[in-house]
Amino acid sequence: MLDLKLIRSNPETVKKAMEARGMDPSSVDEVLELDKERRALLAEVEGLKNTRNRVSEEIARLKKEGEDAQDKILEMREVSDTIKEKDEVIRNLEGKINKRLLNIPNIFHESVPVGTCDRDNAEIRRWGEPPSFDFPFKAHWEIGENLDIIDLERAGKVAGARFAFYKGLGARLERALVNFMLDLHTGEHGYTEVFPPFLVCSDSMVGTGQLPKFCEDMFKVEGTDFYLIPTAEVPVTNLYREEIIPEEQLPIKHTAYSACFRAEAGAHGRDTRGLIRQHQFNKVELVKFAHPDNSYEELESLTADAERVLQLLELPYRVVVLCSGDLGFCSAKTYDLEVWMPSSGTYREISSCSNFEDYQARRANIRFKPKKGGKPRFVHTLNGSGVAVGRTVAAILENFQQEDGSVIVPKVLQPYMGGISKIEKKKG
RNA sequence: GGAGAGAUGGCCGAGUAGGCUGAAGGCGGUCGCCUGCUAAGCGACUGUACGGGGAUAAAACCUGUACCGAGGGUUCGAAUCCCUCUCUCUCCGCCA
């Protein structure tokens, strides 16, 4: 969430940012109005509390000296009642302010292009060449089915739509990718691996911004306060919730494998076939806790770390910077990595790398203690997929398919596949 | 699931017949003194949040209020009493 002080001093900036995201900025004025009310009342109540404290001390003194304090006690009884009433009103106002604050998005970075939808995203760079096939190429779900390594039909029976069984070398490929990515990020990019809980409490979901606004996108375990994580970003960012980190530890870099669970409400009819849009998918995530002074450099290197995965896998991709209208609610700036998908003839999102600045840190209360002294400050949080595993499988199947229906395994993956260099149809 | 113990400041740890205790003491940290250097020693300072003042934004500074796991209650007044909840630890049972 944004600093209330920032909204007080620069309401127009906040409103403009909301408008550029295509949102109604009226809650800004509501917040200001409620805040004004609250502060007036607060001054009043604090004055009353001050008298109560003073008189109470006097009562103690009088009693010690054996004098009568009954008058003052009665007087203070009334004061206390008034305090109780006004406190209640203040609590109420604070609740309203907070609710609005949690629903005001982050202010985006000046380098973010203004736009309304994904068509306004700006391409930054491309890597690799999309393959040209001299035979009729297939979509990954067909390839996977033919090779008997992906079973969507039975997954539909066992779980429902948007689930998948991976089988044989398909399951192995998924596992190989997870291990390859984790090894790369821990071994060469300096991230510390964590293996997080896949269920978290609602406080964590508020901390990273999924709640309260996006609860319909999440799976909740009925009768509990548990939510299935939509990404490892949630548990890993919340690792340091309510904590003060020593400055010299920054940046903290974590990588984590997790399954991710998404309700995909409102995505009916989109990407209904294949592995692109699943209720459950695997992802290796990168999370950074950075110093505010250099968080944008950290965003560049985090993006580069994610790109390295695709480069080593030899998958053609491009990097786009999301425009204001397509930017995530909490993000100040986001690069999407889009991998070439022959079946759709376009680049498709496979990673999303964002700098949230202090927006999540303020919600989750993650701070660092400056070395030179002074008050704790909020860290900047960043994260990116490094990368989405299911979509990587889809990309590998499609980009490396051969005319005979087999699929070449990228070189870096072969050690993780027991030396297998090609996935072929089993004979018989 | 059953039984018990506990939750205090960055950390450790006092404080329950309710009243200058935001909180003793220690550690850690910062600054100053001392020392040829290091160590030791001495002195001072050292929580957070939200208001108000500080000529305006920020800071120093001054001031108020709140905070001793969370939320309620009793009381003129609660870290201290009562209720509810959460978490941690120990033992038993059960379980991958």
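Lettering of chains follows the sequences in order, A, B, ..., and the numbering in each one begins at 1. Note: hydrogens, waters and symmetry copies are ignored here, and every other heavy atom, side chains too, is used. Note that the structure is predicted; figures quoted are calculated from it, not measured.
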**Message:** Applying a 4.0 Å non-hydrogen cut-off, can you work out what A/S9 is touching in the nucleic acid: base, sugar-phosphate, or nothing?
**Reply:** nothing

**Request:** Determine the interatomic distance between P on B/rU38 and the same-named atom on B/rU46; round to the nearest Å.
**Result:** 27 Å

**Complete:** Here the residues of residues 32-47 of chain A within 4.0 Å heavy-atom distance, strictly under, of RNA chain B are A/R38, A/R39, A/L42, A/E46

**Request:** Could you give the distance separating B/rA7 and B/rA14 at their C1' atoms, to the nearest angstrom?
**Result:** 15 Å

**Fill in**
First and last nt of RNA chain B near chain A, cut-off under 4.0 Å to heavy atoms, 5' to 3', are B/rG19 to B/rG77

**Asked** Contact class for A/R367 (heavy atom, under 4.0 Å): base, sugar-phosphate, or nothing?
**Response** sugar-phosphate

**Over 12 foreign heavy atoms within 6.0 Å of CD, A/E123** = yes

**Request:** Counting Watson-Crick and G-U wobble pairs whose two distances are both under 3.5 Å, find the runs of 3 or more in a row that involve RNA chain B.
**Result:** B:1-7 with B:86-92, B:10-12 with B:25-27, B:28-33 with B:41-46, B:47-53 with B:61-67, B:69-73 with B:81-85

**Fill in**
Taken in chain and number order and not counting sequence neighbours, the residues that satisfy side-chain hydrogen bond (donor to acceptor under 3.5 Å, both in side chains) with A/E357 are A/Y296

**B/rC82 to B/rU74 separation - P atoms, rounded to the nearest Å** = 15 Å

**Prompt:** A/F219: what forms a side chain to side chain contact (heavy atoms under 4.5 Å, CB included) with it, not counting sequence neighbours?
**Reply:** A/L228, A/F261, A/A263, A/H279

**Message:** Between B/rU16 and B/rG6, how far apart are the two P atoms, rounded to whole Å?
**Reply:** 14 Å

**Item:** First of A/A60 and A/T51 reached from the 5' end of RNA chain B, by closest nucleotide
**Value:** A/A60

**B/rG9 and B/rG69, which share atom name P, separated by this distance in whole Å** = 8 Å

Side-chain donor/acceptor pairs under 3.5 Å, residues 154-162 of chain A, sequence neighbours excluded:
from   : atom 1 : to     : atom 2 : distance (Å)
A/R154 : NH1    : A/D151 : OD2    : 2.7
A/R162 : NH1    : A/R270 : O      : 3.3
A/R162 : NH1    : A/D271 : O      : 3.2
A/R162 : NH1    : A/R277 : O      : 3.1
A/R162 : NH2    : A/A267 : O      : 3.0
A/R162 : NH2    : A/R270 : O      : 3.2

**Asked** Relative to the ring of A/F368, is the ring of A/H291 parallel (under 30°), tilted (30 to 60°) or perpendicular (over 60°)?
**Response** tilted

**Request:** Take A/L4 and A/I244, find for each the nucleotide of RNA chain B with the closest heavy atom, and name the residue whose nucleotide sits nearer the 5' end.
**Result:** A/I244

**Prompt:** Checking all strands, does A/K63 fall into the base, sugar-phosphate, or nothing category for heavy-atom contacts under 4.0 angstrom?
**Reply:** base

**Asked** Going by heavy atoms in the side chains, are A/T392 and A/M181 under 4.5 Å from each other?
**Response** yes

**Request:** Taking atom P in both B/rG93 and B/rA17, compute the distance separating them and give it to the nearest angstrom.
**Result:** 40 Å

**Prompt:** For A/F356, what residues pass the ring pair (Phe, Tyr, Trp, His ring centres under 6.0 Å) criterion, not counting sequence neighbours?
**Reply:** none

**Prompt:** Can you name the side-chain hydrogen bond (donor to acceptor under 3.5 Å, both in side chains) partners of A/N121, sequence neighbours left out?
**Reply:** A/D326

**Request:** Write down the distance separating the P atoms in B/rC20 and B/rC68, rounded off to the nearest Å.
**Result:** 15 Å

**Asked** Heavy atom of residues 71-79 of chain A under 4.0 Å from RNA chain B: which residues?
**Response** A/I73, A/M76, A/R77

**Message:** Just to verify, which of A/R100, A/K15, A/K96 counts as forming a salt bridge (charged side-chain N to carboxylate O under 4.0 Å, His left out) with A/E30?
**Reply:** A/R100

**Prompt:** Would one find more than 12 heavy atoms of other residues, nucleotides or ligands at under 6.0 Å from atom OH of A/Y416?
**Reply:** yes

**Asked** Which residues pass the ring pair (Phe, Tyr, Trp, His ring centres under 6.0 Å) test with A/Y191, sequence neighbours left out?
**Response** A/H185

**Prompt:** Taking the same atom, C1', in B/rG28 and in B/rG47, what whole-Å distance lies between them?
**Reply:** 14 Å

Using atom types as modelled, flag every donor-acceptor pair under 3.5 Å from a side chain in residues 58-79 of chain A to any protein atom, sequence neighbours excluded.
from  : atom 1 : to    : atom 2 : distance (Å)
A/D68 : OD1    : A/Q70 : N      : 3.4

**Asked** For A/R54, which residues count as a side-chain hydrogen bond (donor to acceptor under 3.5 Å, both in side chains) partner, sequence neighbours excluded?
**Response** A/N50

**Prompt:** Does any non-hydrogen side-chain atom of A/F289 lie less than 4.5 Å from one of A/Q249?
**Reply:** no

